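Presented below is the structure to which this report refers.
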Amino acid sequence: MRLLDALDIEGYAATFTEDGVTDHAHRGEKVEGRAALIAGANAALPRYAGAAVRHWNDHYVIEEVDENTLNVSYCSLVTRTDKAGNVTFEPTFFIEDVLVRVDGGLQARSRTIHRDEPSPVAIAAAAAAREGAA
């Protein structure tokens with residue numbers, strides 16, 4: 001993500017396999033292959049004009065599937081800082097990556113991005129609490 005934040009779109013795309021898939025599950029948009037990833041990232045550039053964009057990733061869980069495959073999940077927060085230093089936040093996300101070994105390194109075979117939404121369990125608990133208070 002640091003490559004993408006630095007607008008090194010080709011470098012960012014190279015962290016994916018040639019046929020790598022990015023699935024923005026929250027908006028039903030799936031991008032397949034490096035060429036499509038590069039085209040999509042270039043098309044999004046005007047949205048970030050005049051701002052420094054940072055992806056803040058944390059809460060990693062790394063699970064080895066086999067000697068050549070890792071499942072990695074994490075949370076992501078995206079900030080945009082304008083020229084005056086004002087920071088705005090985008091929605092938070094839960095990310096699921098499948099990483100594979102290619103020529104001794106790791107590349108993303110797939111990335112699934114889920115926008116955070118309130119937990120159904122928390123919503124049900126809040127509704128029950130309201131009913132109990134009524």
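Source: prediction; values computed, not measured.
Between Glu90 and Arg115 there is no salt bridge, since no side-chain nitrogen of the basic residue lies less than 4.0 Å from a carboxylate oxygen of the acidic one.
Qualifying salt bridge (charged side-chain N to carboxylate O under 4.0 Å, His left out) partners for Glu10, counting only residues two or more places apart in sequence or in other chains: none. Considering only residues two or more places apart in sequence or on other chains, Tyr48 meets the ring-ring contact (aromatic ring centres under 6.0 Å, His included) condition with none of them.
For the pair Asn86/Thr81, no side-chain contact is recorded, criterion being any heavy-atom separation below 4.5 Å from C-beta on. Counting heavy atoms from C-beta outward, Gln107 and Leu99 have side chains that stay 4.5 Å or more apart. Val72 places none of its side-chain heavy atoms less than 4.5 Å from the side chain of Val61. Counting heavy atoms from C-beta outward, Phe94 and His114 have side chains that approach closer than 4.5 Å.
With rounding to the nearest 0.5 angstrom, the CH2 atom of Trp56 is 10.0 Å from the CZ atom of Phe89. Rounded to the nearest 0.5 Å, atoms CD (Glu29) and NE2 (His24) are 5.0 Å apart.
Across every non-hydrogen atom of Arg80 and Val53, the tightest pair is CG-CG2, 4.1 Å.
The aromatic ring centres of Phe93 and His26 sit less than 6.0 Å apart.
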- prompt: Please walk me through it: do Asp5 and Tyr12 pass side-chain hydrogen bond (donor to acceptor under 3.5 Å, both in side chains)?
  reply: CA-CA 9 Å; Asp5 290 347; Tyr12 171 71; over 6 Å; no
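In summary, the side chains of Thr112 and Asp23 do not present any donor paired with an acceptor at a separation below 3.5 Å, with no hydrogens or angles considered.
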